[in-house]
Amino acid sequence: MKYDFLNIEKKWQERWEKAGIFHAKDHDDRKKFYGLVEFPYPSGSGMHVGHIKAYSGLEVVSRKRRMEGYNVLFPIGFDAYGLPTENSAIKTGVHPRVLTDRNIAKFSQQLKRVGFSFDWDRVVDTTEENYYRWTQWIFLKMFENGLVFRDTALVNYCPSCKVVLSNEDSQGGKCDICHSDIVQKSKDVWYLRITAYADRLLSGLEDLDYLPNVKMQQVNWIGKSTGAFVNFSLTGVEDKLRIYTTRPDTLFGVTFMVMAPEHPVLDKYRDRIANVAELDAYRELCAKKTEFERTQMNKDKTGVRIEGLAALHPITGKEIPIYISDYVMMGYGTGAIMAVPAHDERDYAFAKKFGVDIVEVIKGGDIEKEAYAGDGEMVNSDFLNGYTNKKDSIARMIEELEKMGVGEAGVQFKMKDWAFNRQRYWGEPIPIVHCPCCGMVAVPYEELPLRLPPVENFAPGEGGESPLAKIDSFVNCKCPKCGGDAKRETDTMPQWAGSSWYFLRYIDPLNSDCLADPEKLKYWLPVDWYNGGMEHVTRHLIYSRFWHKFLYDLGVVPTEEPYAKRTAQGLILGPDGQKMSKSRGNVVDPNDVVDAFGADTLRVYILFMGEYGSAAPWSESSMRGCKRFLDRVAGLADKAKGTGVTAALETAFHRTVKKVSLDIEEMKFNTAIAAMMTLLNDIDAAGAITVDELKTLVRLLCPFAPHIAEEIWESVGEKGFCSLAPWPTYDEAKTVSATVEVAVQINGKVKSVVAMPKGADKDTALALAKADEKMAALLDGKTVVKEIVVPDKIVNIVVR
RNA sequence: GCGGGUGUGGCGGAAUGGCAGACGCGCUAGAUUCAGGUUCUAGUGGGGGCAACUUCGUGGAGGUUCAAGUCCUCUCACCCGCACCA
């Protein structure tokens, strides 16, 4: 067969579409499989081959599932709200709606040319009214349930994008969108109370089949710690100084306290403090630093002692000095700590610098030299003396604190509430009205969607306010509650909003009564397998788990967790080994590859490059090898003759069917393809192949290279689609040939290879090994010390 | 600093403790072709040998084992995540 890939691919893509064979059925007796890939952000520059890799993994799995008889839902959509499109609109003057439609059209065309088996009837676009209406609906439900709040706080602000960013979006002190330095700014912002779900987001991970490092990153991000809150009395005032510690059992080692510079106690008792001016100067200095500068490690400890205000030890009653220092953060715990310099590195450094006492309470280290954070016997600790187990001493101390009424056990999370707004145009409007009498009032559900108004100028205001703020007809409205004059919220939701629930909408994309039909949700959920990038693990993945749990609590979705299994693909690097990017000019456009080599070659190559989860550089010459492989397979169509089994190939076929079947499940696509290449080499060596055998090979190949598979399938007289043909089966017993080549060693070094019948027992194997000409000569005159036989694998004779 | 991961030919990468380097690229030689970024055949880890063969070899050093890329101890390098988290 001539491998005219351009025509073949066009032909089959049209036939698939016409026959609608990739549409999922909503009510069906077959077992269901819901495979999900992270939907793309439709940028102006189109897709690059990295997108193709991200979808190719589950494309193969989904295609295999269909052939195995599953009812498969494998959808695609577009996460289209966001800054890049808006920035491009500002630059070009073209409306983001127009740009988005244009970009979606381009992305769709690219995806279709690759022949992905997506269900194109279920495409969702997060910027469509019918979609964002339900994003707003979920927001209002959260508002109703107390999970939305507004707060004036120091926030991460990107001066370049002019938006407030969540912690997740400003990791490392850089803006995730433009990589500028983040500054801290006091602003009124919307928050989603994700911390209310912190414990469940953590415990829910246990039973999920997520990649270990995905789980680990989420655990780390949630950052649960257990310990205790302790209230220290202050000299001469009513208020207590509340602190959080993970080691309450070191309470007798406390020699000073530290508060964050922003701690409110300072403002409250200004008149009692002798050195207010000095403290103010220090606080001002800290305020100027970015969060990033403040959290630089190995930095010299700085701080100022508060004169005129001290803490009292809750057990001994001893007076303890208080300092302010920027090594304590207002945002974690209570913003104040008890310092135990003997057993905490940071406290130790501070104590050394400021000449504070260091009292050892755990034996085992040398506190003259450094802080000791290890385990050991408790000393200088009253009722804790003699304890050697950390767990016991902590429990005892908490018991005492609770008895005395000065503290209690508690947990803390590193995770913070989710800053949930952008002062930008291209996002879902937040459906809230500010009324002078009623305060914040929800837009009534029946008024959803709250549409984005038409705007002339998309640029954010100089003060960082949303472009919507300039539109009087949008801003001015009546309060839904009292009917009085009110003003609409003008912030929009962050990009992560729409993507937090899109997998639910695929299940019922056109529903106008609810976000998705409960019966359909019951049938399709949970997502059986979700694949995406590692960069979304501490954002999208955790956000969407939060939303899903909330919807579960509302009774909207039937499962507590959205995704049963989560894997991740590795990057495709440019030919230069660098990350693909427009600025480096090393981006590979899938359309160019499809034109020159065909979609099947592109698909096979992307999965053959290396381990699916690892990064690998693009190599056009390597890809040519995959094209050669498909050329050779195409050539078999003319060679195949007769039916039944070719004796020389039987084992090879069974072995390959097994290998490919198992490898796909483990995403070991590279070795699955290698196994098919090996089989092809075996077929060439055998010099013959039957039509039956060719059909087996073609079905194995179909998930990877479906167009050529269909073409060959048709050429051997099959009437239906290869894409729907049954997946080949294998017989375990026939995966090993009747005669096996067994390596024969002397003292662990291979000296010969001997053919033996499969499953030969120890005596037979030894006899055969010793009968071998080479072995006989080598063994002559030697004393045999030990003989080891692993059936079908190895014979090792130890001699002296 | 803490946590996780990775080190194998010229390159991408294979190897349930059992013949290291599957498969592919590249390279070498030969054939086919007017030509070729074509196709086919053979070879291809290093050293030694005409050869059968021999020896060394999975970042480094030890160890366990009949047998180690794989298990254990130490160590080096690189990558990723979190990072003054109390």
(message) Parallel, tilted or perpendicular: which one describes the rings of Phe350(A) and Phe256(A), with boundaries at 30° and 60°?
(response)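 Taking Phe256(A) first and then Phe350(A), their aromatic rings lie parallel (interplane angle under 30°).
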
(request) Hey, can you tell me if Tyr244(A) and Phe229(A) have their rings parallel, tilted or perpendicular (30° and 60° cut-offs)? (result)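 Tyr244(A) and Phe229(A): tilted rings.
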
(message) For the residue pair Glu38(A) / His540(A), report whether a side-chain donor-acceptor contact shorter than 3.5 Å exists.
(response) no

(message) What I want to check is whether the side chains of Asn531(A) and Gln569(A) have a donor and an acceptor closer together than 3.5 Å.
(response) yes

What's the gap between [N] and [M] when it is taken at their [atom1] atoms, as a whole Å value?
{"N": "G69(B)", "M": "A52(B)", "atom1": "P", "result": "25 Å"}
{"N": "A15(B)", "M": "U8(B)", "atom1": "P", "result": "15 Å"}
{"N": "G4(B)", "M": "U75(B)", "atom1": "P", "result": "16 Å"}
{"N": "C72(B)", "M": "U64(B)", "atom1": "P", "result": "15 Å"}

(message) Quick check on RNA chain B: between Lys414(A) and Asn220(A), whose nearest nucleotide comes earlier from the 5' end?
(response) Asn220(A)

(request) Could you pick out which residue, Phe597(A) or Ile337(A), lies toward the 5' side of RNA chain B when each is mapped onto its nearest nucleotide? (result)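 The residue mapped nearer the 5' terminus is Phe597(A).
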
(request) Would you list the pairs meeting salt bridge (Lys or Arg N to Asp or Glu O under 4.0 Å) in which at least one residue belongs to residues 653-677 of chain A, sequence neighbours left out? (result) Lys64(A)-Glu665(A), Arg65(A)-Glu665(A), Lys658(A)-Glu732(A), Lys659(A)-Asp663(A), Glu666(A)-Lys668(A)

(request) Return each pair, listed once, that meets salt bridge (Lys or Arg N to Asp or Glu O under 4.0 Å) where at least one residue sits in residues 763-777 of chain A; pairs must be two or more places apart or across chains. (result)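 Non-adjacent pairs meeting salt bridge (Lys or Arg N to Asp or Glu O under 4.0 Å): Lys770(A)-Glu787(A).
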
(request) Specify the residues of residues 240-248 of chain A, ordered by number, for which at least one heavy atom lies under 4.0 angstrom from an atom of RNA chain B. (result)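 Those residues whose heavy atoms fall under 4.0 Å from RNA chain B, taken from residues 240-248 of chain A in numerical order, are Tyr244(A), Thr245(A), Thr246(A).
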
(request) Under 4.0 Å from any atom of RNA chain B, heavy atoms only: list the residues of residues 209-218 of chain A that qualify, in numerical order. (result)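 Heavy-atom contacts with RNA chain B come from Met216(A), Gln217(A).
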
Are any protein N/O atoms closer than 3.5 Å to N/O atoms in nucleotides 47-52 of chain B? If there are, list each pair with its distance.
none

(request) Compute both the distance and the angle, then confirm whether Lys301(A) meets the cation-pi test with Phe354(A): under 6.0 Å from the six-membered ring centre, within 45 degrees of the axis. (result)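 So Lys301(A) doesn't make the cation-pi contact.
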
(message) Before we go on, tell me: are the rings of Phe252(A) and His313(A) under 6.0 Å apart, centre to centre?
(response)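 Phe252(A) vs His313(A): aromatic centres under 6.0 Å.
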
(request) Measure from the ring center of Phe413(A) to the ring center of Trp221(A) and say whether it is less than 6.0 Å. (result) no

(message) side-chain hydrogen bond (donor to acceptor under 3.5 Å, both in side chains) for Thr678(A) and Asn681(A)? Distances and angles first, verdict last.
(response) CA-CA 5 Å; Thr678(A) 306; Asn681(A) 291 343; 5.4 Å; no

(request) Kindly label the base of G59(B) as syn or anti, based on whether its glycosidic torsion lies within 90° of 0. (result)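 With its glycosidic angle more than 90° from zero, G59(B) counts as anti.
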
(request) Considering only NZ, NE, NH1 and NH2 on the basic side and carboxylate oxygens on the acidic side, decide whether Asp631(A) and Arg628(A) come within less than 4.0 Å. (result)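 Looking at Arg628(A) together with Asp631(A), the answer is no, because their closest N to O distance does not fall below 4.0 Å.
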
(request) Answer yes or no: is there an ion pair linking Arg566(A) with Asp209(A), defined by an N-O contact shorter than 4.0 Å? (result) no

(request) Would you mind building the protein contact string for nucleotides 16-24 of chain B? One character per nucleotide, 5' to 3', B for base within reach (heavy atoms under 4.0 Å), S for sugar-phosphate only, - for untouched. (result) B-BB--BBS

(request) Please check if atom NZ in Lys579(A) has more than 12 non-hydrogen atoms from other residues, nucleotides or ligands closer than 6.0 Å. (result)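 No, because the 6.0 Å sphere around NZ of Lys579(A) holds 12 heavy atoms or fewer from other groups.
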
